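See below for the structure under consideration.
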Amino acid sequence: HEILSTWMLQSINPDTLAALFRISGETPPTEIESVSFQYLVPAFMLSELEFAFKAAFFVMVPFLLVDLAVASILMSLGIIMLPPITVSLPIKIMLFVLVDGWTLIGITVAESALT
């Protein structure tokens, strides 16, 4: 119980925990180690969801830029009937492989679990 609480406390966002106490109308404890599971688990879940959305955003943005570039190039060439995904998918896969995407994702997930 204490080991799990200590691990969760390392990963939570203090603002999220404060918001949960503010919503419940209770005052937060003076020591962060004395936070009950009633507040610790939701704060941990919300903090992890925030990290997951940020990570997904940073993975999605380069791929979105590739889609936009391919679509604008195809439109400027007058190739309207060719779906941009047909051209951009191999480019996105090549980009992911060239930047060693699986290693970057694995390292990021491992580092987030350690902190």
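Being a predicted model, the structure only gives us computed values, none of them experimental. Both backbone and side-chain heavy atoms feed into the values below; hydrogens, waters and symmetry mates do not.
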Drop me the distance from Q38's CD to S24's OG, to the nearest 0.5 angstrom. 7.5 Å
Mind checking the OG1-CD spacing from T16 to E48? Nearest 0.5 Å is all I need. 11.0 Å
Same cluster (ILVMFWY, side-chain, under 4.5 Å), I23 and L17: no
Would I12 end up clustered with W7 when hydrophobic side chains under 4.5 Å apart are linked, directly or stepwise? yes
Count the heavy atoms of every other residue, nucleotide or ligand shown that sit under 6.0 Å from CG of L98, and state whether that count exceeds 12. yes
Nearest 0.5 Å, please: how far is CG in D15 from CZ in R22? 8.5 Å
Return the minimal non-hydrogen interatomic distance between F51 and T108, and the atom names on each side. CZ-CG2, 3.8 Å
Can you tell me how far the CD atom of Q10 sits from the CZ atom of F44, to the nearest 0.5 Å? 10.5 Å
Does I93 reach the side chain of F96, with side-chain heavy atoms less than 4.5 Å apart? no
Cluster check L95, L89: I/L/V/M/F/W/Y, side chain < 4.5 angstrom: no
Going only through I, L, V, M, F, W and Y residues with side-chain contacts under 4.5 Å, is there a path from Y39 to V41? yes
So, the side chain of S47 versus the backbone of N13: is there a donor-acceptor pair under 3.5 Å, distance only? yes
Say whether V35 and M45 are linked into one hydrophobic cluster, either directly or through other cluster members, by side-chain heavy-atom distances under 4.5 angstrom. yes
W102 vs V97, side chain to side chain contact (heavy atoms under 4.5 Å, CB included): CA-CA, chis, key distance, verdict: CA-CA 8 Å; W102 286 119; V97 170; over 6 Å; no
Do you know the tightest heavy-atom contact between F37 and P42? O-CD, 3.9 Å
Throw together a table of side-chain donor-acceptor distances under 3.5 angstrom for residues 59-75, partners on residues two or more places apart or in other chains.
| residue | atom | partner | partner atom | Å |
| --- | --- | --- | --- | --- |
| D67 | OD1 | S88 | OG | 2.6 |
| D67 | OD1 | K92 | NZ | 3.3 |
| D67 | OD2 | K92 | NZ | 3.2 |
| S72 | OG | L68 | O | 3.2 |
| S72 | OG | A69 | O | 2.9 |

Are T27 and F21 side-chain neighbours, meaning at least one heavy-atom pair lies under 4.5 Å? no
Do the non-hydrogen side-chain atoms of L9 and T6 ever get within less than 4.5 Å of each other? no
What ring-ring contact (aromatic ring centres under 6.0 Å, His included) pairs are there with at least one residue in residues 65-92, not counting sequence neighbours? none
